[in-house]
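Everything on this sheet refers to the single structure shown next.
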Amino acid sequence: MTWIGLSLLALIGTAVLYASLPKCGDKVFSPRRLTMAVAPVLVAFGIYLVIGNPSLPAKPFAERAGERNLAAAAAVAGNVTDPNYKTDQQIQRLLNQIVLSLEVNPRNLQGWVALARGSLRLGNIERAVAAFAQAYALSGHNPLLAIEYADTRITAQNGQIDSTSRDLVLHALGQMPNHLLARYYYGMMLKQNDKPEQALRVLRDLYRDLPKDDPLANATQGEIKTLQTVSDARTDTQ
């Protein structure tokens, strides 16, 4: 079903791009226009095939730093013996094509999403943040992109949740109150705002809803222990 939906979206996206491109004289059909319309969609599909399922990760991106750094190191060092090297080089070539396609059509939502996710895979957090910002605006403030954008911003800021990230998390949570990653970041917002008791309640509720083998469970459990220590210390001083 996923592939059927993606195929339909690809056909629609190609049709929209074809219609939006300038006509070549009086020709009803133009191979050049068709190529320019199909190329960005094919590139986005290529990114999907290389990176994998586009659904959101089950844990904060910051928790995947080891994977990110290994990929980035392999891409920079050019170590052909590294198992990630070939994949990273393929992604880089696809990203270069996406950048060119976005210069032609900067309103290509799928292109910006693919650029953001591909940049994350290669460890280019700054470019990923900028690409997610473009994608989020073009999407009409899609809540799934909101939390993915917030996750990336928070990673770029070493875990700190600024006002933009806060608004993104709250928007996502308002649209998807049961979204696990949105609930996690809401708890972290409360923690950073020096509200440990409220943060504890949010994270404990989240932990109860998480499968114990879910990677987000480890991060949540660690934050609960930290917050419980803070709460206990405050109780002892009163």
Side-chain angles (χ1 to χ4, degrees), residues 1-2 51-71 113 116-117 119-121 123 125-126 128-129 131-133 135-137 139-238:
M1 290 300 293
T2 299
I51 296 175
N53 195 299
S55 60
L56 289 178
K59 56 182 176 178
F61 192 82
E63 297 294 318
R64 306 194 303 279
E67 172 189 332
R68 179 179 71 246
N69 292 340
L70 284 175
V113 173
R117 290 175 177 157
S119 298
L120 279 179
R121 177 66 176 82
I125 307 298
E126 290 74 17
V129 169
F132 270 129
Y136 179 61
S139 73
H141 299 166
N142 180 284
L144 284 172
L145 279 177
I147 194 62
E148 199 168 0
Y149 176 25
D151 183 29
T152 310
R153 281 186 65 91
I154 294 167
T155 299
Q157 295 164 356
N158 298 316
Q160 292 301 308
I161 302 175
D162 63 6
S163 59
T164 299
S165 299
R166 178 200 63 206
D167 292 344
L168 290 166
V169 170
L170 291 177
H171 172 65
L173 199 60
Q175 299 294 315
M176 308 177 299
N178 293 320
H179 192 280
L180 300 178
L181 194 56
R183 291 166 64 187
Y184 173 82
Y185 277 128
Y186 181 59
M188 297 306 296
M189 284 169 51
L190 293 170
K191 175 187 175 183
Q192 292 184 17
N193 288 333
D194 197 28
K195 298 177 180 178
E197 296 297 334
Q198 292 173 260
L200 264 176
R201 285 195 294 271
V202 170
L203 293 177
R204 281 172 176 163
D205 287 344
L206 170 62
Y207 188 70
R208 281 194 292 268
D209 292 342
L210 285 167
K212 294 302 176 280
D213 59 347
D214 191 310
L216 185 57
N218 291 330
T220 304
Q221 186 178 44
E223 293 298 338
I224 289 172
K225 289 180 179 179
T226 299
L227 286 164
Q228 187 61 62
T229 300
V230 173
S231 179
D232 291 344
R234 288 188 175 185
T235 301
D236 292 341
T237 59
Q238 289 178 352

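Starting from 1, each residue takes its place in the sequence as its number.
Side-chain contact between Met188 and Ile154: absent, with no pair of heavy atoms (C-beta onward) separated by less than 4.5 Å. When side chains are defined from C-beta on, Pro143 does not count as touching His179, because their heavy atoms never get closer than 4.5 Å. For the pair Leu168 and Tyr185, the minimum side-chain heavy-atom distance is 4.5 Å or more.
Nearest heavy-atom pair, Ile224 versus Leu200, reported as atom, atom and distance to 0.1 Å: O-CD2, 3.7 Å. Pairing each heavy atom of Ile147 with each of Ala182, the nearest pair is CD1-CA, 3.7 Å. The shortest non-hydrogen separation linking Asp214 to Leu180 is OD2-CD1, 4.5 Å. Looking at every heavy atom in both residues, Ala116 comes nearest to Ala128 through O-CB, 3.5 Å. Here the closest non-hydrogen pair linking Ala172 and Ala146 is CB-CB, 4.3 Å.
Taking the six-membered ring where the residue is Trp, His171 and His141 present perpendicular rings, their angle passing 60° and hence far from 30°.
Judged purely by atom type and a 3.5 angstrom limit, Asn142 uses its side chain to pair as donor or acceptor with the backbone of Leu144. A donor-acceptor pair is defined here as one N or O able to donate and one able to accept, closer than 3.5 Å; such a pair exists between the side chain of Gln192 and the backbone of Gly159. Without hydrogens or angle criteria, Ser231 side chain to Gln228 main chain gives no donor-acceptor distance under 3.5 Å.
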Evaluate Tyr184 against Val202 for side chain to side chain contact (heavy atoms under 4.5 Å, CB included), listing each step before the verdict.
CA-CA 8 Å; Tyr184 173 82; Val202 170; over 6 Å; no

Just do the side chain to side chain contact (heavy atoms under 4.5 Å, CB included) check on Arg183 and Leu173 with the steps written out, would you?
CA-CA 7 Å; Arg183 291 166 64 187; Leu173 199 60; 3.8 Å; yes

Quick one: do Lys191 and Val230 satisfy side chain to side chain contact (heavy atoms under 4.5 Å, CB included)? Show the steps, please.
CA-CA 10 Å; Lys191 175 187 175 183; Val230 173; over 6 Å; no

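Atoms CG and CZ, on Asn193 and Arg166 in that order, are 8.0 Å from each other to the nearest 0.5 Å. Taken from CG in Leu206 to OH in Tyr186, the straight-line distance is 13.0 Å, to the nearest 0.5 Å. To the nearest 0.5 Å, atoms OG1 (Thr152) and CD (Glu126) are separated by 11.5 Å. How far CE of Met189 is from CD of Gln198: 11.0 Å, rounded to the nearest 0.5 Å. Here CZ of Arg204 is found 13.0 Å from OG1 of Thr220. Values are rounded to the nearest 0.5 Å.
By the 6.0 Å and 45° rule, Lys212 stacks over the aromatic ring of Tyr207.
Shown are Asp162, Ile125, Ile161; of these, the side chain to side chain contact (heavy atoms under 4.5 Å, CB included) with Arg153 is made only by Asp162.
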